[in-house]
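Notes follow once the structure below has been shown.
In what follows, chains are A, B, ... by sequence order, proteins preceding strands, each numbered from 1.
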Amino acid sequence: MASTMTVKVHPVVYFTIVDAFERRSNKEGANDKALGTLLGFYEKNGVQVTNCYSIPFSEQKEEAPELDDGYNQQMLQMMKRASPTEGPVGWFYTNADLSTHCLSYHDYYNRLIGEHQSAKKETPPVILLTVDTTFSGPNNRMGVRAYLRTKAGIPGNREPHCAIFNPIKVEMDAFPAERVALELIQGGTDSKQREVHLQGGIDQLTKATEEMLVWVDRLREYVDEVLAGKRDMDASMGRKLMDLVTSASSHMQPKKFENVLKNSMRDYMMISYLAQLAKTQLALHERMISA
Amino acid sequence: MLAGANVDFVQLDSLVVMKIVKHVETEQYTGMSEVGGEACQGFLTGLVAMDEHRLEITNCFPTARTELAVDDEGRERAARDLEDVKQAEMLDMLRKFRNMNIDYELVGFYQAHPFGACFTADLVESLVDYQSSVVDGVVLIYDPVKTRQGQLSLRAYRLSAKALDLCYVDWSPETVKQAGLTFENMFEELPIVIKNSHLVNVMLSELALSSTKAAEPAQLQIGAKGSLEKCMRGMMNHIDDLNRSINAYNKYAVDKTRHDALISNLTQKRQLENESRRGRGEPPLPTDDIKKMKAPTLQAKNGMLECFLAASETAAHVDHAQEVAGENIAKLFLAESVAEERIGKERSSSSINPTCNVLNELLAVAVAAESNTFALLESCGATTADVVDLELLRFAPMTDDACGRRARISTTAPPTGLPSSNHPGAAKIVRSSVLLRRISSAVAADWQWASSALSWNPLFVCSEQGMCAFYASLLTSAFRRAAVAIAYPPVGIVRNAVMFSSKRISDSHCPLASSTRRC
């Protein structure tokens, strides 16, 4: 069961982890990593990780890494009060690989989550999320992985022989509004100053239509190539195109469509007229007071 | 007195944006904001870059929800304790931030308000609190409604220096007039820039690479009817409030002039009397009793503040309504141009020239690919054009009507001077967006005209209060009538129509599929 589990990570978690890593201590002997608690909730065959925070820890002593349990507990309390639906589901670590410390950290979080889920008998699975902020993985990419620890050994033995961190699937998930915000922020990757300005609605609409045109052009190109025999036929692509065609031309009677169009247009016109009226009144009101 | 504010704009860390959005979104998800009854809010931390006149907000945290007490006693106690607890928690959190090297200077707070209508007496009070301790304190207002519609809406406000000064004195009409304060310059809005760190940019690219399913662009969806209706309702309520406060002000103004006239009358009389008394060698009468006469007061709790807040709330609703309505008109134009595209296709069946049409080509390839090879088609003796014609036959019954419409459209609005003429759909889209811009700018111009008319119209310049009030009431009654009679029913009708059309769209998949199998 466990290996089919999916970890759904919300964007705010990534942002917090990156921020935590950027704000790691630069003092002598401090760790070059960030570690913290993941918050979220369990669902059928998966975990939603919706929030997280970092905690102080120390790996100076090789065999006994330390975590600030008091800090963690207090933070947990506070987060719980701000959003009661979230509970601890695991922990994050900014490292490309799993180190020997992970075992003791994981034990700690197992205990912690066990305490917090006292109503249920069984301890739910504890997630370990690693973000490779040092780009030491293959292709120099910032890899994101999630693990579940499973015990391994000969069945029937009381003490398992070893523990394995099994990689599980990570997906990004977001609430609709989060998606909108993320899309806007993503614009910062194209800007030299790494800045984004908030956009007006009409600008956005123009941009969307322009994008649409680009895509239509690209599709045309593809279709032309297929028609000219330069490119192989692809049934799945064809089906998608078909979907596109059927959805693009709404199969509505033109008359009906015209009616709908006219009516909603009238509605919107009315609304903007009313808004205008209200604005006039505001201006009047201002004259009255300052006259 | 306070030193002036130093910052000209607000720089938000992308983390802050995401955190605020997430906080509000979870609250709505769990329905907490309805239970709790108060706006979702939290604190902002960051630092002030004095040299660049910039306020950097680098982190934030939500405030804890108040625990709901069951009985009255508990509620009272909770209210008493709440402030202390909140304060303690905030300080605790700031300490924790310091521990983790996060900026721990408090620079303001954030709140979520639908339609961005945040202007309440509470907000003013909190802002006064903040701005007296942190000179550059701001409030960030997040609008969840607009964001759900595909446009992230965050605004940074602070009280202007004038308004802040008045908060320490009072809000009586005289002081307000003297300060030259209006509802427009009461709050200052600061421009917002969102900044990503390098590592965040890397992470964003990584996310863009790994995400497989493209999100449906929310900004292209038609149908903000529900929220617009709510917005209109809110707007009407606030207009009512506004009128109430204007009436109170008018009453005050009338009383005031009457009172002033009375006083000056009495003083003059007394002076004459005193002169005659002096002539007779009698001692003059004192004028104290006249001065002691009670001056009328404005019948409102917070003086003019109430008026200003109602006006600001209305303005926020108006802006929202106008913007969303404008956008939706734009989207309708888009939808129309896409639909016209189909009509164009129908027409081309009579002139048999399928190659000039994007959708036709898409259709052809789709059909061909569906039956997997051209060879199969060719073995039946069919060519691409034939397949297309087959498809087009299905549309035949509609064609006549469509042609008429098409002709009419092309005579009324000739698409001139636009790129890619072999690309009618594209041209239409461009055209409608151009048209849209024209409409929106026309609307803006209209409004500008209205406001400038107000300023030069002699009626208004030398206006008497009564005249103005008459106009205002005229406008309100027109507004109400129009709103009640016209706005509401069609909103419902159109919603039904849209639902109907979407149903039609899903139904129409079936005949197309069967016809595909045929060929």
Going from [atom1] on [X] to [atom2] on [Y], what distance comes out if it is rounded to the nearest 0.5 angstrom?
| X | Y | atom1 | atom2 | result |
| --- | --- | --- | --- | --- |
| Lys279(A) | Thr314(B) | NZ | OG1 | 12.0 Å |
| Ser54(A) | Ile102(B) | OG | CD1 | 5.5 Å |
| Asn51(A) | Lys19(B) | CG | NZ | 7.0 Å |
| Glu22(A) | Ser197(B) | CD | OG | 3.5 Å |
| Thr50(A) | His23(B) | OG1 | NE2 | 12.0 Å |
| Met75(A) | Asp92(B) | CE | CG | 9.5 Å |

#### Entry: Geometric cation-pi criterion Lys96(B) and Tyr71(A), 6.0 Å radius, 45° cone
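Yes; both conditions hold, so Lys96(B) lies above the ring face of Tyr71(A).
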Can you tell which part of [X] gets under 4.5 Å to a heavy atom of chain B, answering side chain, backbone, both or neither?
| X | value |
| --- | --- |
| Thr85(A) | side chain |
| Tyr53(A) | neither |
| Leu184(A) | side chain |

### Query
Is there side-chain contact between Arg81(A) and Glu89(B), with at least one heavy-atom pair below 4.5 Å?
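SC-SC contact between Arg81(A) and Glu89(B) confirmed.
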### Query
Can you check side chain to side chain contact (heavy atoms under 4.5 Å, CB included) on His10(A) and Met18(B), steps first, answer last?
CA-CA 10 Å; His10(A) 285 243; Met18(B) 290 316 288; over 6 Å; no
Would you mind checking which part of [X] comes under 4.5 Å of any heavy atom in chain A, side chain (CB onward), backbone (N, CA, C, O), both or neither?
| X | value |
| --- | --- |
| Cys307(B) | both |
| Val17(B) | side chain |
| Leu242(B) | side chain |
| His320(B) | neither |

### Message
Main chain of Glu195(A), side chain of Asn196(B): is a donor-acceptor contact present, judged purely on distance under 3.5 Å?
### Response
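It does not hold such a pair.
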### Query
Just checking, is any N or O donor in the side chain of Glu27(B) or Ser83(A) under 3.5 Å from an acceptor N or O on the other one?
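Distance-only check fails for Glu27(B) and Ser83(A).
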### Query
Are any of the side-chain nitrogens in Arg148(B) or Glu178(A) under 4.0 Å away from the carboxylate oxygens of its partner?
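Not counted as a salt bridge, because no side-chain N and carboxylate O are separated by less than 4.0 Å.
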### Task
Please report the shortest heavy-atom distance between Val180(A) and Gln151(B), naming the atom on each side.
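So the minimum-distance heavy-atom pair works out to CG1-N, 3.9 Å.
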#### Entry: Most chain B-contacting option - heavy-atom pairs closer than 4.5 Å, from Pro176(A), Ala34(A), Gly229(A), Gly187(A)
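With the most close heavy-atom pairs to chain B, the winner is Pro176(A).
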### Task
Take Leu182(A) and Leu204(B) through the side chain to side chain contact (heavy atoms under 4.5 Å, CB included) test and state the conclusion after the steps.
CA-CA 9 Å; Leu182(A) 190 68; Leu204(B) 283 172; 3.9 Å; yes
### Query
Between Ile192(B), Val176(B), Val318(B), Asp13(B), which has the largest tally of heavy atom pairs under 4.5 Å with chain A?
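Among the listed options, the one with the most contacts to chain A is Val318(B).
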